[in-house]
Amino acid sequence: MSDDLETTETPFDPSTRPGRVLIVDDEANARSALAELLEDEGYVTATASDGVEALEKLETFTPEVVLTDLKMPRMDGLALLEEGKKRQPSLAFVVMTAFGSIDTAVEAIKRGAENYLTKPLDVNSVAAIVARALEKARLSAEAALLRAQVDKRLSFGGILGDHPTMQRVLKIVGQVAPTRATVLITGESGTGKELVAAALHHNSARSKAPFIRLNCASLAETLLESELFGHERGSFTGAEKRRAGRFEQAHGGTLFLDEVSEIPMATQVKLLRFLQERELERVGGNETIRVDVRVVAASNRDLRQMVADGTFREDLYYRLNVVQIEMPPLRVRRSDIPTLAHHFLRKYREENKRPIEGFTDAALRALVAYPWPGNVRELENAVERAVVLCEGPMIDTELLPSATGPAMTRPPENGGGGLDLLIPGITMGEVERIVIERTLESVGGSTARAAEVLGISRRTIQYRLKEWRGASEIDLDE
Ligand SMILES: Nc1ncnc2c1ncn2[C@@H]1O[C@H](COP(=O)(O)OP(=O)(O)OP(=O)(O)O)[C@@H](O)[C@H]1O
Ligand SMILES: [Mg+2]
């Protein structure tokens with residue numbers, strides 16, 4: 001038996017931590033006999049006399065396995081199973097049932113119990129079955145933990161992206177968020193610049209102070225200046241009261257200057273001064289005000305080119321560009337498209353109360369192949385539109401923009417369709433996967449034949465398939 005226990009020690013926990021078993025039975029003798037038996041096997045145990053007491057012990061004792069009788073007063077084993085699984089999905093249940101009432105045991109298995117034992121109990125099978133249940137509980141707890149980590153990695157402040165280019169962005173966001181470094185976020189329209197600016201703020205010690213945003217393109221020169229720095233009473237026509245600017249409002253927090261390329265030259269000087277001295281004067285005022293503000297700027301224009309053209313100050317450019325985050329366009333990270341599309345599908349399905357199940361395979365292929373000149377925003381809008389217009393349970397191609405339609409930026413080569421539409425935007429690993437899967441498809445699934453066609457070894461194919469199967473299991477459960 002102790003051999004059995006050896007193998008139950010989870011590979012994730014080298015400390016040979018003893019398993020924790022809660023024994024639930026209304027018969028005191030049965031409880032103590034089981035406790036003794038399991039403690040001899042090295043478990044830590046606790047007991048309860050019915051479901052109600054057992055639920056309390058879930059909190060105080062934190063078992064990994066519950067060994068429970070089915071027929072008990074107050075709350076029976078099935079009810080306990082249901083409630084316990086709700087509270088802690090990784091908890092493993094083994095139910096004990098009187099000989100001859102196998103129906104309830106079957107019912108318990110259906111509701112998620114790991115296994116059952118028939119009474120009178122066979123001492124040897126108790127230990128073996130509890131050991132197996134413990135192993136299952138630990139694997140499932142570990143899987144839940146891993147999943148939580150994966151989710152966290154994938155969604156830094158709601159920013160989805162598993163493609164290496166996005167993982168690099170998220171890594172930089174994580175590194176610079178806690179600092180006060182000025183950050184310049186560049187990238188095409190709709191690539192998520194504002195989302196990253198907000199993530200920088202929310203993952204910093206400033207997160208409780210304000211995140212103030214100003215679109216520099218939205219105001220005329222004089223208004224922009226007073227909006228940023230505030231003004232004293234009477235400093236210009238219409239300035240009837242003294243007013244604090246965005247910098248002052250953002251004190252302790254973050255000021256996000258969107259479309260920073262649109263700041264006129266005169267205002268650029270003032271912004272530069274703030275970045276150098278951390279102080280400013282209101283329009284029409286002499287008082288020098290010190291504020292603690294982190295500046296994050298964004299631009300979808302090429303500031304370096306503007307510097308070369310003389311329309312953007314070089315010194316300001318370098319002050320803003322302490323750290324630069326370049327947002328990749330969606331077409332160079334196409335493998336993120338399915339995740340994003342499903343994310344927006346869930347969002348707009350809820351919002352519009354539409355019972356839509358998903359995308360057809362053809363629709364997903366079309367989404368991945370489309371060049372998305374408007375990037376994530378365009379994808380979001382396209383999915384919203386499709387959700388609203390969709391009449392069946394599945395979104396199909398006719399509701400989506402098409403790579404071969406009028407919006408296509410270049411004609412499909414090699415007769416259209418296929419891999420060519422996906423390049424750039426997929427990784428070498430993804431190319432390999434597509435090539436191997438399509439070849440397998442065309443040779444009827446024979447790895448030997450596919451290996452011959454591809455000029456690689458059969459073992460390589462088998463090895464990859466095994467790898468991907470593991471990966472797709474994670475995807476499916478998402
Ligand atoms: N990686 C992402 N994960 C989830 N949603 C995203 C992602 N990137 C962008 N979005 C969503 O796409 C939309 C556009 O993003 P955002 O406004 O941040 O883009 P932008 O780069 O600031 O665009 P613009 O230059 O046009 O202002 C938003 O609704 C945002 O939530
Ligand atoms: Mg924006």
Side-chain angles (χ1 to χ4, degrees), residues 150-174 177 183-203 211-219 224 246 254-263 295-303 305-306 312 320 323-352 359 367-368 370-388 400-401 425-427 475 478:
V150 168
D151 286 351
K152 207 170 147 213
R153 180 170 58 81
L154 290 181
S155 64
F156 203 118
I159 308 174
L160 300 174
D162 206 20
H163 191 275
T165 58
M166 277 306 284
Q167 286 296 309
R168 192 171 47 83
V169 165
L170 295 180
K171 186 171 168 213
I172 299 174
V173 169
V183 180
L184 176 63
I185 309 168
T186 57
E188 293 176 13
S189 178
T191 46
K193 296 185 294 296
E194 184 161 354
L195 211 55
V196 164
L200 286 170
H201 175 73
H202 291 296
N203 292 283
F211 174 71
I212 304 283
R213 169 179 182 269
L214 181 64
N215 186 337
C216 301
S218 67
L219 294 168
L224 176 64
R246 301 280 170 118
T254 307
L255 177 61
F256 174 46
L257 299 176
D258 205 357
E259 302 204 47
V260 73
S261 57
E262 306 312 301
I263 298 187
V295 173
V296 174
S299 174
N300 53 24
R301 292 183 59 184
D302 184 351
L303 287 179
Q305 186 57 47
M306 291 180 71
F312 201 85
L320 288 173
V323 176
Q324 185 181 344
I325 297 181
E326 167 88 43
M327 299 304 293
L330 191 53
R331 67 183 170 280
V332 307
R333 53 181 187 106
R334 292 183 194 270
S335 51
D336 284 343
I337 292 173
T339 315
L340 284 163
H342 281 112
H343 167 72
F344 294 131
L345 172 70
R346 280 194 290 272
K347 175 173 169 189
Y348 290 106
R349 175 170 68 190
E350 301 292 301
E351 216 172 282
N352 297 288
F359 300 95
L367 286 172
V368 173
Y370 183 71
W372 301 110
N375 296 295
V376 185
R377 178 178 296 111
E378 187 186 4
L379 172 63
E380 178 168 0
N381 293 341
V383 172
E384 179 180 12
R385 173 179 176 277
V387 166
V388 170
L400 298 169
I426 53 175
T427 60
D475 287 343
E478 170 235 20

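Whatever order the structure lists them in is the order used to number ligands and atoms, beginning at 1.
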Of all protein heavy atoms, the one nearest atom 22 (O) of ligand 1 is Glu194 N, 3.2 Å

Assess whether side chain to side chain donor-acceptor pair (under 3.5 Å) is satisfied between Asn375 and Glu188, documenting all intermediate values. CA-CA 8 Å; Asn375 296 295; Glu188 293 176 13; 3.1 Å; yes

Tell me, which protein residue and heavy-atom name are nearest atom 17 (O) of ligand 1, and how many Å apart are they? Arg377 NH2, 3.0 Å

Can you name the residues that form a side-chain contact (heavy atoms from CB on, under 4.5 Å) with Asp302, not counting sequence neighbours? Arg304, Gln305

How close does the nearest protein non-hydrogen atom get to atom 1 (N) of ligand 1, and which residue and atom is it? Leu160 O, 2.8 Å

Out of Thr186, Leu195, Ile159, indicate the one that has the non-hydrogen atom closest to atom 30 (C) of ligand 1. Leu195

Does the side chain of Arg333 come within less than 4.5 Å of Asp336's, by heavy atoms? yes

If you take the centroid of each ring, where Trp contributes its six-membered ring, are Phe256 and His201 closer together than 6.0 Å? no

Would you mind running through ligand 1 and noting each atom that sits below 4.0 Å from a heavy atom of Thr191? 8 (N), 19 (O), 21 (O)

Heavy-atom nearest neighbour of atom 9 (C) of ligand 1 within options Thr339, Val376, Leu170: Val376

Let me confirm one number: the CD-CG distance from Glu262 to Leu257, rounded to the nearest 0.5 Å. 12.5 Å

Identify, by atom number and element, the atoms of ligand 1 in contact range of Asn300, meaning under 4.0 Å from any of its heavy atoms. 25 (O)

For ligand 1, is there an atom lying under 4.0 Å from some heavy atom of Gly190? yes

Only heavy atoms count here, so choose which of Ala197, Gly192, Gly374 is nearest to atom 16 (P) of ligand 1. Gly192

Can you check whether Phe344 reaches Val387 side chain to side chain, under 4.5 Å on heavy atoms? no

Could you tell me which atoms of ligand 1, counted from 1 in the order shown, lie closer than 4.0 angstrom to a heavy atom of Glu380? 11 (C), 12 (O), 13 (C), 28 (C), 29 (O)

Would a 4.5 Å heavy-atom cut-off, applied to side chains only, mark Leu330 and Thr191 as touching? no

Counting from 1 in the order shown, the ligand 1 atoms closer than 4.0 Å to a non-hydrogen atom of Gly158 are 3 (N), 4 (C)

For Ser299, which residues count as a side-chain contact (heavy atoms from CB on, under 4.5 Å) partner, sequence neighbours excluded? Val260, Ser261, Arg301, Leu303

Suppose I only count heavy atoms of Leu340 and a 4.0 Å limit; which atoms of ligand 1 are within that range? 2 (C), 3 (N), 4 (C)

May I ask you to test the Asp162-Gln167 pair for a side-chain heavy-atom distance under 4.5 Å? yes

Among Lys193, His343, Glu188, Glu259, which one has a heavy atom closest to atom 20 (P) of ligand 1? Lys193

